[in-house]
Amino acid sequence: MNPTTFKTEIQSNIIAYYQIIGGLYGLYGTVSIIAKAPIVSGLALLFYALMISLFALSIYSGNLLRIGKTKGITLSKWNQLAQVFQVNLLGVAFQYISGIGLSFGYAKTGDFIQFIYMNLSSFYIKYNLKEDDFYFYINIVPLVLFYFIEKIEAKIKKENRVKEESSLVESIS
């Protein structure tokens, strides 16, 4: 086996299992919240369905990446991009983390100001919050993972080009 291919496979598996474990942890948290809720209906049901869908996407894309499907690379990139921004602006808040969240930004809620935010798999969506509350964070973990996914994709494309060129040369000779 080519050492480059082996290294790429290890990196791919690390990201894959990270997404799978993060998604499972998020699903566990979501199911725990739903189980404790006395009644789930209306808009809350829609938000829970969105939560479950995003954590399921993390598991699904991680599994596709683990088994070497190219669709896993694309879905993994989308999954990571969905986790980059965490905002609370004008009464609407959104946060999605599947795995580890290490975010830098600014938050002012009441008299409390915060610049660094750490969290494990979580999902938060709210509307009609106090408009005085504001936060904007950028989660660096999915940015780092996105970078490595891009590198893995580039290596795979390069290896496929080399294979195609060598098979073309073999078929000509």
Side-chain angles (χ1 to χ4, degrees), residues 8-35 37 40 43-109 112-129 133-157:
T8 302
E9 188 175 322
I10 288 176
Q11 290 173 342
S12 180
N13 280 334
I14 289 170
I15 294 170
Y17 283 111
Y18 170 83
Q19 290 185 116
I20 292 168
I21 292 168
L24 288 172
Y25 184 75
L27 278 179
Y28 169 76
T30 303
V31 170
S32 296
I33 291 169
I34 294 170
V40 178
L43 198 53
L45 188 61
L46 179 66
F47 288 156
Y48 288 132
L50 181 61
M51 290 169 77
I52 290 169
S53 297
L54 285 172
F55 289 125
L57 171 67
S58 183
I59 295 167
Y60 181 64
S61 59
N63 193 47
L64 288 178
L65 193 62
R66 182 185 62 82
I67 60 176
K69 300 285 185 182
T70 54
K71 185 177 181 182
I73 291 173
T74 304
L75 288 176
S76 293
K77 289 195 301 189
W78 281 107
N79 181 43
Q80 296 309 315
L81 286 175
Q83 299 177 57
V84 173
F85 298 107
Q86 301 155 21
V87 297
N88 177 359
L89 180 64
L90 301 173
V92 178
F94 175 78
Q95 170 188 310
Y96 164 56
I97 298 171
S98 181
I100 299 170
L102 177 60
S103 306
F104 296 94
Y106 176 80
K108 176 142 180 29
T109 53
F112 185 69
I113 296 176
Q114 181 178 352
F115 299 103
I116 298 173
Y117 179 74
M118 293 180 66
N119 202 358
L120 291 176
S121 291
S122 63
F123 182 90
Y124 184 76
I125 190 164
K126 293 275 184 174
Y127 62 96
N128 291 332
L129 301 171
D133 292 350
F134 169 80
Y135 65 78
F136 180 82
Y137 288 107
I138 295 176
N139 187 357
I140 62 167
V141 174
L143 291 174
V144 170
L145 291 175
F146 188 88
Y147 169 77
F148 282 108
I149 293 168
E150 284 281 316
K151 284 181 68 172
I152 291 167
E153 183 178 36
K155 287 178 188 176
I156 291 171
K157 285 180 179 178

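Nothing here was measured: the structure is a model prediction, and the numbers come from that model.
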Trainee: Between Ile34 and Ile52, is there a side-chain heavy-atom distance shorter than 4.5 Å?
Mentor: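 Touching, per the 4.5 Å side-chain cut-off.
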Trainee: Who are the side chain to side chain contact (heavy atoms under 4.5 Å, CB included) partners of Leu24, not counting sequence neighbours?
Mentor: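 For Leu24, the residues satisfying side chain to side chain contact (heavy atoms under 4.5 Å, CB included) (neighbours in sequence not counted) are Ile20, Ile59.
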Trainee: Restricting to side chain to side chain contact (heavy atoms under 4.5 Å, CB included), what partner residues turn up for Asn13, sequence neighbours left out?
Mentor: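 Counting only residues at least two positions away or on another chain, Asn13 forms a side chain to side chain contact (heavy atoms under 4.5 Å, CB included) with Glu9, Tyr17, Arg66.
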Trainee: First locate atom OG1 of Thr70, then atom CD1 of Ile156, and finally report the distance between them rounded to the nearest 0.5 Å.
Mentor: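 Atom-to-atom, Thr70:OG1 and Ile156:CD1 are 8.5 Å apart.
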Trainee: For the CZ atom of Phe146 and the NZ atom of Lys151, what is their distance to the nearest 0.5 Å?
Mentor: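 Between atom CZ of Phe146 and atom NZ of Lys151 there are 14.0 Å.
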Trainee: Using the ring-ring contact (aromatic ring centres under 6.0 Å, His included) criterion, which residues pair with Tyr25? Sequence neighbours excluded.
Mentor: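 If we apply the ring-ring contact (aromatic ring centres under 6.0 Å, His included) test to Tyr25, skipping adjacent residues, there are no hits.
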Trainee: Nearest 0.5 Å, what's the OH-OH distance between Tyr135 and Tyr106?
Mentor: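 Answer rounded to 0.5 Å: 14.5 Å.
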Trainee: Between Phe123 and Phe94, what is the ring plane arrangement, given parallel below 30°, perpendicular above 60°, and tilted in between?
Mentor: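 Geometry flag for Phe94 against Phe123: perpendicular rings.
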Trainee: How would you list, by chain and number, every residue that makes a ring-ring contact (aromatic ring centres under 6.0 Å, His included) with Tyr28, sequence neighbours excluded?
Mentor: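 Not a single residue meets the ring-ring contact (aromatic ring centres under 6.0 Å, His included) criterion with Tyr28.
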Trainee: Give a yes or no answer on whether the side chain of Asn119 reaches the backbone of Gly101 with a donor-acceptor pair at less than 3.5 Å.
Mentor: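 No, the answer is negative, given that no donor and acceptor are paired below the 3.5 Å cut-off.
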Trainee: With sequence neighbours excluded, what pairs up with Ser12 under the side chain to side chain contact (heavy atoms under 4.5 Å, CB included) test?
Mentor: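 Result, side chain to side chain contact (heavy atoms under 4.5 Å, CB included) vs Ser12: Leu65, Ile152.
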Trainee: Under the 3.5 angstrom rule, does the side chain of Gln83 hit a backbone N or O of Ser98 as a donor-acceptor pair?
Mentor: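 Answer holds: yes.
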Trainee: Could you list all the ring pair (Phe, Tyr, Trp, His ring centres under 6.0 Å) pairs where at least one residue sits in residues 43-74, not counting sequence neighbours?
Mentor: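 For residues 43-74, and leaving out neighbouring residues, the ring pair (Phe, Tyr, Trp, His ring centres under 6.0 Å) pairs sorted by first residue read Phe55-Tyr96.
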Trainee: Give, for atom CD1 of Ile116 and atom CD1 of Ile140, the distance between the pair rounded to the nearest 0.5 Å.
Mentor: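 Here the rounded value is 9.5 Å.
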Trainee: OG1 of Thr74 to CG of Asn79: how many Å apart, nearest 0.5 Å?
Mentor: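 It comes to 12.5 Å.
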Trainee: Just how far is it from atom CD1 of Ile15 to atom CD1 of Ile10, taken to the nearest 0.5 Å?
Mentor: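 Those atoms lie 12.5 Å apart.
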Trainee: Please report the closest heavy-atom contact between Gln19 and Ser58, naming both atoms and the distance.
Mentor: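 Minimum heavy-atom separation between Gln19 and Ser58: O-OG, 2.8 Å.
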Trainee: The criterion is side-chain hydrogen bond (donor to acceptor under 3.5 Å, both in side chains); which residues satisfy it with Thr30, sequence neighbours excluded?
Mentor: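 None.
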Trainee: What's the shortest heavy-atom distance between Tyr18 and Ile100, and which atoms?
Mentor: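 Minimum heavy-atom contact is OH-N, 2.7 Å.
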Trainee: Please examine the side chains of Ile97 and Tyr124, heavy atoms only from C-beta on, and report whether any two atoms are closer than 4.5 Å.
Mentor: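 No; the side chains remain at least 4.5 Å from each other.
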Trainee: If a pair satisfies ring pair (Phe, Tyr, Trp, His ring centres under 6.0 Å) and one of its residues is in residues 63-88, list it, with sequence neighbours excluded.
Mentor: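 For residues 63-88: Phe85-Phe136.
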Trainee: If the condition is side-chain hydrogen bond (donor to acceptor under 3.5 Å, both in side chains), which residues does Glu150 pass it with, not counting sequence neighbours?
Mentor: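 side-chain hydrogen bond (donor to acceptor under 3.5 Å, both in side chains) check on Glu150 returns Lys77.
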Trainee: Can you name the closest pair of heavy atoms from Leu64 and Gly72 and give their distance?
Mentor: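 In terms of heavy atoms, the two residues are closest at CB-CA, 3.5 Å.
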Trainee: For the OH atom on Tyr147, are there more than 12 heavy atoms of other groups (residues, nucleotides or ligands in this structure) within a distance under 6.0 Å?
Mentor: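 Check fails, neighbour count at 12 or below.
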Trainee: Could you tell me whether the side chains of Ser103 and Gln86 share a donor-acceptor contact shorter than 3.5 Å?
Mentor: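 Gln86 and Ser103 do have a side-chain donor-acceptor pair below 3.5 Å.
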Trainee: Could you tell me which residues satisfy side chain to side chain contact (heavy atoms under 4.5 Å, CB included) with Leu143, sequence neighbours excluded, listed by chain and number?
Mentor: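 Leu143 satisfies side chain to side chain contact (heavy atoms under 4.5 Å, CB included) with Val84, Ile138 only.
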Trainee: Just to verify, what does Ser121 make a side-chain hydrogen bond (donor to acceptor under 3.5 Å, both in side chains) with, not counting sequence neighbours?
Mentor: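 By the side-chain hydrogen bond (donor to acceptor under 3.5 Å, both in side chains) rule, Ser121 matches no residue at all.
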